[in-house]
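Keep in mind the model is a prediction, meaning the values are calculated, not measured.
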Amino acid sequence: MHSPLFWIEWLDRLDRVLRSARQDVGMLTRAVSPRGIEAIARSRRQLALLTNDLRLLDRNVLAAGTTQSAADNLQKALDAAVAQLGSVAELLPAGASPLRERALAAADSTLRDSCYEAAMLLGPGRFAVSQRTADRVRL
């Protein structure tokens, strides 16, 4: 995956999955249901796949400087979110209410951290995008 376009598509998918996961966590803070537990498990699987894809993306496409560390920070944040969602999925069916609330708050926090790290990666000048690629993205 060597094109800046792969990064753009990946970041778009990441944004959708993170938004959906945060909505699922929010739904579970109001009421625990089998459907909500399935949604958390699905979000965890999707984030795990995106995390694996991040390892495959060509980081040479990124501009020089702190961008490499931004990609590493995003990787760490996503790994933490996947782990946290996994613990929430295990805890929800049998967890006590205060314990469940803390786990859901921690999951939301790790998802929010992932959103922040993705935004840091998207900062201005982070990608070495050719004019040809920029033209394709505008279409």
Side-chain angles (χ1 to χ4, degrees):
M1 299 185 183
H2 303 290
S3 163
L5 195 54
F6 286 116
W7 275 95
I8 293 167
E9 291 170 353
W10 182 86
L11 285 163
D12 181 55
R13 286 188 0 236
L14 177 65
D15 180 57
R16 284 183 275 132
V17 170
L18 287 173
R19 285 176 195 246
S20 175
R22 289 198 69 202
Q23 288 175 351
D24 295 339
V25 167
M27 179 181 67
L28 284 172
T29 59
R30 292 184 292 279
V32 176
S33 69
R35 191 172 209 161
I37 295 169
E38 290 171 12
I40 289 294
R42 181 180 56 251
S43 293
R44 181 180 180 270
R45 285 191 308 273
Q46 290 173 338
L47 273 179
L49 289 172
L50 285 167
T51 301
N52 289 333
D53 287 348
L54 178 57
R55 289 181 179 96
L56 300 175
L57 288 170
D58 182 12
R59 294 187 183 195
N60 291 328
V61 171
L62 302 173
T66 60
T67 308
Q68 188 68 27
S69 65
D72 292 338
N73 291 343
L74 177 57
Q75 183 78 51
K76 291 174 189 172
L78 289 174
D79 288 339
V82 168
Q84 191 63 42
L85 287 175
S87 65
V88 166
E90 292 172 4
L91 177 70
L92 281 178
S97 183
L99 187 59
R100 181 177 61 237
E101 289 173 16
R102 281 192 299 253
L104 288 169
D108 187 58
S109 177
T110 59
L111 291 168
R112 192 174 49 249
D113 290 348
S114 296
C115 291
Y116 172 79
E117 293 300 337
M120 294 306 295
L121 183 66
L122 280 172
R126 298 291 188 176
F127 290 91
V129 179
S130 69
Q131 186 60 43
R132 184 175 160 194
T133 301
D135 291 341
R136 278 193 280 166
V137 171
R138 278 188 233 136
L139 298 176

Engineer: Pair L18, L47 - check side chain to side chain contact (heavy atoms under 4.5 Å, CB included), show working.
Structural biologist: CA-CA 8 Å; L18 287 173; L47 273 179; 3.8 Å; yes
Engineer: Measuring from E38:CD to D24:CG, what's the distance to the nearest 0.5 Å?
Structural biologist: 11.0 Å
Engineer: Would K76 and D72 count as a salt bridge (charged side-chain N to carboxylate O under 4.0 Å, His left out) if you check the C-alpha gap in whole Å, the side-chain angles of each, and the deciding distance to 0.1 Å?
Structural biologist: CA-CA 6 Å; K76 291 174 189 172; D72 292 338; over 6 Å; no
Engineer: On a heavy-atom basis, which atom in T51 and which in Q75 lie closest, and how many Å separate them?
Structural biologist: CG2-NE2, 2.9 Å
Engineer: What is the minimum heavy-atom distance between V88 and A107, and which atoms define it?
Structural biologist: CG2-CB, 3.8 Å
Engineer: Looking at A77, is its backbone amide N or carbonyl O close enough to the side chain of S114 to form a donor-acceptor pair, meaning the two atoms are under 3.5 Å apart?
Structural biologist: yes
Engineer: Measure the shortest side-chain to side-chain distance between W7 and L54 over non-hydrogen atoms and say whether it is less than 4.5 angstrom.
Structural biologist: yes
Engineer: Membership question, hydrophobic clusters at under 4.5 Å side-chain separation (ILVMFWY): are L57 and L121 in the same one?
Structural biologist: yes
Engineer: Roughly how far apart are S43 OG and R22 CZ, rounded to 0.5 Å?
Structural biologist: 12.5 Å
Engineer: I'd like to know if the side chain of N73 reaches the main chain of S69, judged simply by a donor and an acceptor atom lying under 3.5 Å from each other, with no hydrogens or angles considered.
Structural biologist: yes
Engineer: Are the side chains of D58 and F6 in touch, meaning some heavy atoms are under 4.5 Å apart?
Structural biologist: no
Engineer: Check L14 against A118 and note the closest heavy-atom contact, atom names and distance.
Structural biologist: CD2-CB, 4.0 Å
Engineer: Indicate the atoms forming the closest heavy-atom contact of A106 with Q84, along with that distance.
Structural biologist: CB-NE2, 3.5 Å
Engineer: Counting only heavy atoms not in R55, do more than 12 sit closer than 6.0 Å to its CZ atom?
Structural biologist: yes
Engineer: Which of these, L56, D15, L50, sits in a side-chain contact (heavy atoms from CB on, under 4.5 Å) with W10?
Structural biologist: L50
Engineer: Any chance you could measure I37, atom CD1, to R42, atom CZ, to the nearest 0.5 Å?
Structural biologist: 12.5 Å
Engineer: How long is the straight-line distance from CG of L104 back to OG1 of T29, given to the nearest 0.5 Å?
Structural biologist: 6.5 Å
Engineer: Quick one, L85 and V25 - any side-chain contact, counting heavy atoms below 4.5 Å?
Structural biologist: yes
Engineer: Would you compute the distance between atom CG of D12 and atom CZ of R16 and round it to the nearest 0.5 angstrom?
Structural biologist: 4.5 Å
Engineer: Measure the shortest side-chain to side-chain distance between Y116 and M120 over non-hydrogen atoms and say whether it is less than 4.5 angstrom.
Structural biologist: yes
Engineer: Are more than 12 heavy atoms from other residues, nucleotides or ligands located less than 6.0 Å from atom CZ of R13?
Structural biologist: yes
Engineer: Got a second to check how far R19's CZ is from L111's CG, nearest 0.5 Å?
Structural biologist: 13.0 Å
